[in-house]
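Contents: one structure, followed by commentary.
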Amino acid sequence: MGKKRLVVTITGGCLMSWWSAIACAGVEIFTSSEMPVSNVPSDAVTVSIDSGEKLDDQISADLPDDPDEAEAVMHRRMRSPEYRAHAEQLNQAYTGLARAWILGIQKIPAVVVDERYVVYGQPDVSKALDEIQSERR
């Protein structure tokens, strides 16, 4: 017999930034690069909570040991056209992490529906959504 998962009611506010209306009244998935999820609806917002750290590592890669040289390299990188896109990705990554905190996400993966219901530990999003639908009936 399969393990019964708990559908939890959560509280949290809608954080309006890059989130679409879907995120504020739809499906949000919180995971990490080490915990892939499957069967994700096309209109769901997926947040990898470790993506900001990975992006930080990318922009800081191969810096010289000397602090002055490292600072000069970072200034050059930050003036590059690629950095603008990188900065936007960082903004989105850390906004997603803040969103998880605001919703009170306790572990991952977490599938959140309508800011009210969450299923933890189910990597198959369609199954998590079925569990939530069952509970709502």
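Nothing fancy with the numbering, it's 1 onward along the sequence. What's counted below: heavy atoms across the whole structure, side chains too, no hydrogens, waters or symmetry copies.
- Atom CD1 of Ile105 sits about 11.5 Å away from atom OG1 of Thr31, to the nearest 0.5 Å.
- For the pair Pro64 and Val73, the minimum side-chain heavy-atom distance is below 4.5 Å.
- Looking at Tyr120, its side chain does come within 3.5 Å of a backbone N or O of Gln106 through a donor-acceptor pair.
- Judged purely by atom type and a 3.5 angstrom limit, Asp114 has no side-chain atom pairing as donor or acceptor with the backbone of Arg116.
- For the atom pair CD (Glu135) and CG (Asp130), the distance works out to 13.0 Å, reported to the nearest 0.5 Å.
- Within the 4.5 Å cutoff, the side chain of Leu129 has heavy atoms near those of the Val27 side chain.
- In this structure, Val111 and Gln122 have side chains that are not in contact, with every pair of non-hydrogen atoms separated by 4.5 Å or more.
- Closest of all the heavy-atom pairs between Leu63 and Ala70 is CD2-O, 3.9 Å.
- With rounding to the nearest 0.5 Å, the separation of CD in Glu28 from CZ in Phe30 is 4.5 Å.
- Considering all non-hydrogen atoms of both residues, Gly52 and Leu90 come closest at O-CD2, 3.7 Å.
- Residue Asp50 holds its CG atom at 5.0 Å from NZ of Lys54, rounded to the nearest 0.5 Å.
- In this structure, Ile132 CD1 and Lys127 NZ are separated by 15.0 Å, a value rounded to the nearest 0.5 Å.
- Taking every heavy atom of both residues into account, Ser33 and Ser48 meet most closely at N-OG, 3.4 Å.
- Inter-residue side-chain proximity for Val47 and Ile29 is flagged as unmet; no heavy-atom pair is nearer than 4.5 Å.
- Closest approach of Leu55 and Ala93 over heavy atoms only: CD1-CB, 4.2 Å.
- Contact check on Glu115 versus Arg99 returns a salt bridge, with a Lys/Arg side-chain nitrogen under 4.0 Å from an Asp/Glu carboxylate oxygen.
- Minimum heavy-atom separation, Gly121 to Pro123: O-CD, 3.2 Å.
- Interatomic distance, NE2 of His86 versus CG of Asp56, reported as 6.5 Å (0.5 Å rounding).
- By the 6.0 Å contact criterion, CD on Gln89 is enclosed, its count of non-hydrogen atoms from other residues, nucleotides or ligands being greater than 12.
- Remark: side-chain polar atoms of Arg77 are paired, donor with acceptor, to backbone N or O of Ile59 under 3.5 angstrom.
- At least one side-chain heavy atom of Ile49 sits less than 4.5 Å from a side-chain heavy atom of Ile108.
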